[in-house]
Structures are given as structure tokens and as C-alpha cells.
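Model, not experiment: these values are computed from the prediction. Just so you know, these numbers use all the heavy atoms, side chains as well, and skip hydrogens, waters and symmetry mates.
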Amino acid sequence: MSLQEKLEALKHETLAKIEETKELAGLNQIRVETLGKKGPITEVLRGMKDLSAEERPKVGSFANEIRDIITKEIEAKKELLEQLALQKALEDETIDVTLPGKPMKQGTRHVLTQIIEEIEDIFVGMGYEVVEGFEVEQDHYNFERMNLPKDHPARDMQDTFYISDEILIRTHTSPVQARTMEKHDFSKGALRMISPGKVFRRDTDDATHSHQFHQIEGLVIDKNVTMADLKGTLEEVMQKMFGADRKIRLRPSYFPFTEPSVEVDVSCFKCGGEGCSVCKHTGWIEILGAGMVHPNVLKMSGIDPEVYSGFAFGLGPDRIAMLRYGVNDIRNFYLNDLRFISQFKGE
Ligand code: FA5
């Protein structure tokens, strides 16, 4: 077989292979095998040195022609295969927008968070600052600075989880009072703050007591603050929370950190004061503890009780949530039972 015949046969064989191949990888292999350095065309071109001067240019240009034809065919096939691959990928990724969607369940904020945020909004609207305290607290701030020295019998009112002799998990949010008072710069004006958070007591859990619950502390210190300010402020807050017709009443009470101390009742929002199961037929609901800040507490925070006075209060959002939604067991708030929690959708 002459060189030309060999080249002609090679062309037919290669074009048939190109035609047949369906993969880019296979096409590349054909290119390497046919046109590569060890391929048959290179071999033919190498063998030209043995040809006569007359034949050499003819065979040379024929070999080049065949190489060009094969190269073009490979390029064309490559483009075709690439297009087919793209088309297939597009088909595979097609999204059927008419398929029904999967419904997503929307979560809600916990009912206690909702109540706390609602109370925060009311106080912020009245010019109060929201302050964070520590859940792990020193005995010093939780008790001593609240006028409850180590041997004070009123410590029994709040059974305490101690971590060491000096460290505990706070039994109320009142330590935030002391921490805020000692930092406040009164030359810049009055101190008005609330502080919401978790508190802990070694109470036995029952329907109305939990070893972990929430409180919102409130504190106002300025010149000439009186009991009337306390009453007016709390009445306004209760009306914003429970309706414009609400009234409050103060009953004498005892807290070591306030003098005088009061227990605050709000007229029943369910029956309007006539008596029902929510207010245990008294017409009133006990809602928080409060009082005028004890002079000892002011002194211990570096504030002169002859110049400044103030009021403080502590309310329990868990109890408020129970009253408002008719929840008869406080433990429901802490069980993470979605059947219970998801009833409170919030706004
Ligand atoms: C106090 O803790 C005072 N620090 C409140 C205070 C602050 C008075 C500032 C004066 C001035 P008391 O122990 O009464 O007070 O608790 C306050 C509120 O927390 C109660 O009215 C009640 O709503 C709630 N509370 C108390 N113990 C529990 C409990 N085990 N579970 C749920 N809520 C409770």
C-alpha cells in the first residue's frame, strides 16, 4: 500500500470513529491517537525522508490535508457533544414550578418573652432604660446590698441555690438595683430603669411555684420621689397592660430593701371587680411587690438619702401570663411542649 493509500485509509477509519463516538473523553482519545506525536500521520511525515524529491511535496501536502480534515471534524464533533451535554444538564435541572410547595411551620416567640417585651415597651415609652443583670450573682449584691446581712431572718423568704458561700444564682432581680445605682451619674439626671430576667429559688415546684421563673425589677431614683409617684406609675402601667378601667390598691407589706413596702393589687380584668374565679372572688389580683427604696440601700450605693429618694418594684411576668391566658399551672411554661407553647401566636 502506498503512503497515500495508507493516509486515505486512515482518514476513513478516523472519520468513522469520530462519527461513532458519543463522549468528549473518547473524542479526545481519537485526537491523541491520530494526530499526536506517536500517531500514524506523524509517522508518515517522518517516513518522507525515504521518498524521492518529486514525491515528497505531494505526500507532504496530502498528509497535511488529511490532518486538517480530521482536525476540523474533531472540532465540529467537540462542539456538538458540548452542546448536547449542556442541553442534558439543563433538562436535568428543570424546576417544575407547578408542583405544590412544602408548607413551612412558622415559630413564635415564647409567651413569656412576649409578655416581657410588652412590659419593656410600656416602660421604655415612659423613659425607662432596660438594664441586664447577672444570673450568677454575688451574695453581696443579691442580699447584703439589699439590706439583708448574712444572719438576717428575711433571707428565709427566698430559699437560695448557693454555688459557694459567696456566689449564688440570684433569687430576685433586685441585685441589679445596687449594680445600677452605684454606677449612675446623678449629675446627668434621674435614674429610671427596669431589668427583666430569670431568677431561681429552692421552692418546691407546684401549680403556682417554679424553681425558675422571671421577674422584672423597676427602680426610680431622683430628688423628691414619693409614694404618689410609685402609685401613679404602676396604675398607668397596669392600665396599659390590662385595660384603661383598671385600678390598683396598695396593701402594707414587708421587704427589707424598701420602707414602706407594699403589695400591689390590680382590679380584676376578667370581672371588673365583681368577683370571679380569676380573682378568687375578691375583685382584686395580687400582681407585684414594691416600696420606697430603704435609706440603707441608698447609702450602701453611695447615694445620700437626705437628698435623693426613690421607689422600686418587682413583678412576676409568669404570673401575669397565667392570669391573662388562664393558664392554671406555671410549669407549662417550662415544659417545651409545642402543643401548649404554639397556642400563643403573638402579634
Ligand atoms: C421579691 O422578689 C422582691 N425582690 C420584689 C421587690 C422588688 C419588692 C423591689 C420591692 C421592691 P417576691 O419574693 O414577693 O419579691 O417575688 C416577687 C414576684 O415574683 C411575686 O409577686 C411573684 O409574682 C413572683 N414569684 C415569687 N416566687 C415565685 C415562684 N416560685 N414561681 C413563680 N413566681 C414567683
Which heavy-atom pair separates [X] from [Y] by the least distance, and what is that distance?
| X | Y | value |
| --- | --- | --- |
| R246 | S267 | NE-O, 2.9 Å |
| E217 | Q177 | OE2-NE2, 2.7 Å |
| L27 | I74 | CD2-O, 3.6 Å |
| E120 | P196 | OE2-CG, 3.2 Å |
| T180 | V176 | OG1-O, 2.5 Å |
| V264 | L234 | CG2-CD1, 3.9 Å |

Return yes if some donor-acceptor pair links the side-chain N/O of [X] with the main-chain N/O of [Y] below 3.5 Å, else return no.
| X | Y | answer |
| --- | --- | --- |
| R170 | D139 | no |
| Q239 | D245 | no |
| D229 | T226 | yes |
| S195 | V131 | yes |
| T282 | W284 | yes |
| K345 | S342 | yes |
| E93 | L90 | no |
| T14 | T34 | no |
| D222 | V225 | no |
| S210 | F213 | no |

- Message: Does either side chain, that of T171 or that of R201, offer a donor lying less than 3.5 Å from an acceptor on the other one?
- Response: no

- Between the side chains of D205 and Y334, is a donor N or O closer than 3.5 angstrom to an acceptor N or O? no

- Applying salt bridge (charged side-chain N to carboxylate O under 4.0 Å, His left out), which residue pairs with at least one partner in residues 25-53 are found, sequence neighbours left out? none

- Quick one: does NZ or CZ of R179 land under 6.0 Å from the six-membered ring centre of Y141, within 45 degrees of the ring axis? yes

Should [X] and [Y] count as an ion pair when the cut-off is N to O under 4.0 Å?
| X | Y | value |
| --- | --- | --- |
| K72 | D68 | no |
| D337 | R339 | yes |
| D265 | R251 | yes |
| K17 | E20 | no |
| K240 | E236 | yes |
| E182 | R145 | yes |
| K299 | E306 | no |
| R192 | E129 | no |

If hydrophobic clusters are built by linking Ile, Leu, Val, Met, Phe, Trp and Tyr wherever their side-chain heavy atoms come under 4.5 Å apart, do [X] and [Y] end up in the same one?
| X | Y | answer |
| --- | --- | --- |
| I69 | V32 | no |
| F333 | F200 | no |
| F255 | F143 | yes |
| F269 | I119 | yes |
| I287 | L230 | yes |

Between [atom1] on residue [X] and [atom2] on residue [Y], distance to nearest 0.5 Å:
| X | Y | atom1 | atom2 | result |
| --- | --- | --- | --- | --- |
| I320 | M322 | CD1 | CE | 12.0 Å |
| I66 | L7 | CD1 | CG | 5.0 Å |
| E65 | I70 | CD | CD1 | 11.5 Å |
| E259 | N147 | CD | CG | 10.0 Å |
| I18 | K77 | CD1 | NZ | 8.5 Å |
| L298 | D304 | CG | CG | 9.0 Å |

- How far apart are the C-alpha atoms of H214 and I116, what are their side-chain angles, what is the distance that settles it, and do they pass the side-chain contact (heavy atoms from CB on, under 4.5 Å) test? CA-CA 9 Å; H214 294 79; I116 290 169; 3.8 Å; yes

Do [X] and [Y] have side-chain heavy atoms sitting under 4.5 Å apart?
| X | Y | result |
| --- | --- | --- |
| L219 | Y128 | no |
| Y325 | I115 | yes |
| F311 | T233 | yes |
| I341 | H110 | yes |
| L81 | E23 | no |
| C271 | C279 | yes |
| E166 | Q138 | no |
| L250 | E263 | no |

Tell me whether [X] at atom [atom1] has more than 12 heavy atoms from other residues, nucleotides or ligands lying less than 6.0 Å away.
| X | atom1 | value |
| --- | --- | --- |
| N224 | CG | no |
| R202 | CZ | no |
| E274 | CD | no |
| F134 | CZ | no |
| K22 | NZ | no |
| D165 | CG | no |

- Step-by-step ring-ring contact (aromatic ring centres under 6.0 Å, His included) determination, H172 to F257: CA-CA 12 Å; H172 54 174; F257 28 91; 5.5 Å; yes

- Item | Derivation of the side-chain hydrogen bond (donor to acceptor under 3.5 Å, both in side chains) call for H211 and D203 | CA-CA 5 Å; H211 62 281; D203 281 342; over 6 Å; no

- Item | Counterpart residues, side chain to side chain contact (heavy atoms under 4.5 Å, CB included), relative to I163 (two or more places apart) | V136, I167, I169

- List the steps and the verdict of side-chain contact (heavy atoms from CB on, under 4.5 Å) for E82 and L24. CA-CA 8 Å; E82 277 172 354; L24 278 165; 4.0 Å; yes

- Apply side-chain contact (heavy atoms from CB on, under 4.5 Å) to M181 and I303, showing your working. CA-CA 8 Å; M181 271 190 270; I303 297 169; 3.8 Å; yes

- Query: What is the ring orientation for F313 with F123, classed by angle as parallel under 30°, tilted 30 to 60°, or perpendicular over 60°?
  - Reply: parallel

